[in-house]
Structures are given as C-alpha cells and as structure tokens.
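Quick caveat, the model's predicted, so the values are computed rather than measured. We number each residue from 1, following the sequence as shown.
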Amino acid sequence: MPGDIGHKYEFVPGHFAHDEADEPLSAIPPRFGLKNTSKDRWEKLFEHIHALNDESPKGTSYKFFLLSRHGQGYHNVAEAKYGRQAWNDPRPIPNLIDLADPQLSPIGIGQAHTIQCAWMEEAAAGLSPPHKRYCSPLSRALDICDLMLNKVFSEHLHPVLVLENCREENGVHTCDKRRTRSYISDYKPHFAVEETFEEYDQL
C-alpha cells in the first residue's frame, strides 16, 4: 500500500472460494465467497482469526478484509458504447459529455442494492459490522459504500474514512479524477475525510 513501508501482506488460503477458483467468480458470490456454509460460519471464521492472532509471533497479525468494487458508472456505459480503443485514445470523443468522476448509472445503483441484500443475508448469519471502513474519493465508490450498508446494521463504531490513495488507477482517464474535498464533505457529510486530503486532486 502507498506509504505503508515495512509491511508485508499475505493471504491465508483455504477459507474463501477465490483461493481455488479456476475461473472468475460471480460479482457477488454466495456468502461473499466464504466456503463454510454452516449457520455459524462467520463466528467460526472470526474465532479462527482470533486463534491465529493469539498464536502469532511478534510483528505478525491476522486481519479480515472484505473488499468491494463500484457498480456500473456512466463512464462504463460510454466505454461500452464507443469501444475500448476509442476510450483509450487520448483524442476526445465527439459529443461525449464530461465524464470526470462520473456517478453510478441506474444499473450501478441496482448493483449496490444487490450487494446490500447480500450484506443483510450475511449479517443475519453473524457477519458483524466492519470495525473500520475505507473508501475511494470517487463518487461512484462513495455511493456504493453508502448504499450497500444502508440499514444493514443499526450502528457503526466509526464513520467511513475517505482515503486519497484508495483508488484503482490514477491519472489514466478523466473518470479517474476526483472532485474537491469540499464537494466530498458536502456530498457525504456523514463520511470522514483523512486529514492530509488536499482540496484539489493532486494525482
């Protein structure tokens, strides 16, 4: 991770279908990919993580990350319409609207609600609220993060923290350019923004 010098991350195999899949899994696999199908599957997973931490040597710790991508944005619609070659061409596409930091399309919003339903199902099976939540500063990611956990849990210990470097790509397309810090704070006032976050996109 950028700025995280001196740390090494490795995954622990055996718990999720992603580890052994010969082909890509569905966008939202059952149980978020957890192979254990028992009713107390999440409790067992977290017990195992706690046991690993109790037995780990100094300087080693085990954590559970659940990552989510954004749903379809209007830039995805444009790329599908004009093709990958035209999309990657630095010359502007005629009559194309400004796609700097595009928002979710109606399909993307529907995908967010699909993730929300999966969260509700797994929360009923024991998946607890995330201890910490981090999010990209791009609008499509802010909306997915907001919608997918809406009404899933009665409360969260901490607000979502928006991080500058929590991005898939930087500076390749206009859709990768974020809006101002002021916009993000107004758009998602219940989200927190990291202290070092500049007003304008520096990337």
Side chain to side chain contact (heavy atoms under 4.5 Å, CB included) partners for [X], two or more places apart:
X    : result
E198 : R178, Q202
N36  : L34, S38, R41, K44
E194 : L161, L163, E164, T196, F197
T114 : I28

Please examine the side chains of [Y] and [X], heavy atoms only from C-beta on, and report whether any two atoms are closer than 4.5 Å.
X    : Y    : value
L66  : L127 : yes
H18  : P29  : yes
V160 : K188 : no
S68  : F32  : no
D146 : Y187 : no
F191 : I184 : no

Locate the shortest heavy-atom distance separating [X] from [Y]; write the atom from each residue and the value.
X    : Y    : answer
G108 : I144 : O-CD1, 4.1 Å
A141 : C135 : O-SG, 3.4 Å
S128 : W119 : O-CZ3, 4.2 Å
A17  : K35  : N-CG, 3.6 Å
F153 : P129 : CD2-CG, 3.4 Å
V77  : S105 : CG2-CB, 4.3 Å

I need the [X] [atom1] to [Y] [atom2] distance, nearest 0.5 Å.
X    : Y    : atom1 : atom2 : result
Q111 : L147 : CD    : CG    : 12.0 Å
F64  : H48  : CZ    : NE2   : 12.5 Å
C117 : E122 : SG    : CD    : 12.0 Å
M120 : L149 : CE    : CG    : 9.5 Å
T60  : E55  : OG1   : CD    : 12.5 Å
I115 : C145 : CD1   : SG    : 10.0 Å

Indicate if L104 and Y74 have the same hydrophobic cluster label, given that clusters are the connected sets of ILVMFWY residues with side-chain heavy-atom separations under 4.5 angstrom. no
Joint cluster assignment, V12 & F16, ILVMFWY side-chain distance < 4.5 Å: yes
I need the full list of salt bridge (charged side-chain N to carboxylate O under 4.0 Å, His left out) pairs touching residues 126-141, with sequence neighbours left out, sorted by first then second residue. R140-D176
Under 3.5 Å, is there a donor-acceptor pair between the side chain of N53 and the main chain of H50? no
Just wondering, are more than 12 heavy atoms of other shown residues or ligands nearer than 6.0 Å to NE2 in H131? no
Got more than 12 heavy atoms from elsewhere within 6.0 Å of CD1, I107? no
Give the C-alpha distance, both sets of side-chain angles, the deciding distance and a yes or no for side-chain contact (heavy atoms from CB on, under 4.5 Å) between V162 and L142. CA-CA 8 Å; V162 181; L142 295 170; 3.8 Å; yes
In terms of relative ring orientation, are H70 and H75 parallel, tilted or perpendicular, with 30° and 60° separating the classes? tilted
Going by the rule side-chain hydrogen bond (donor to acceptor under 3.5 Å, both in side chains), which residues pair with D101 if we only count those two or more places apart in sequence or in a different chain? S139, R179
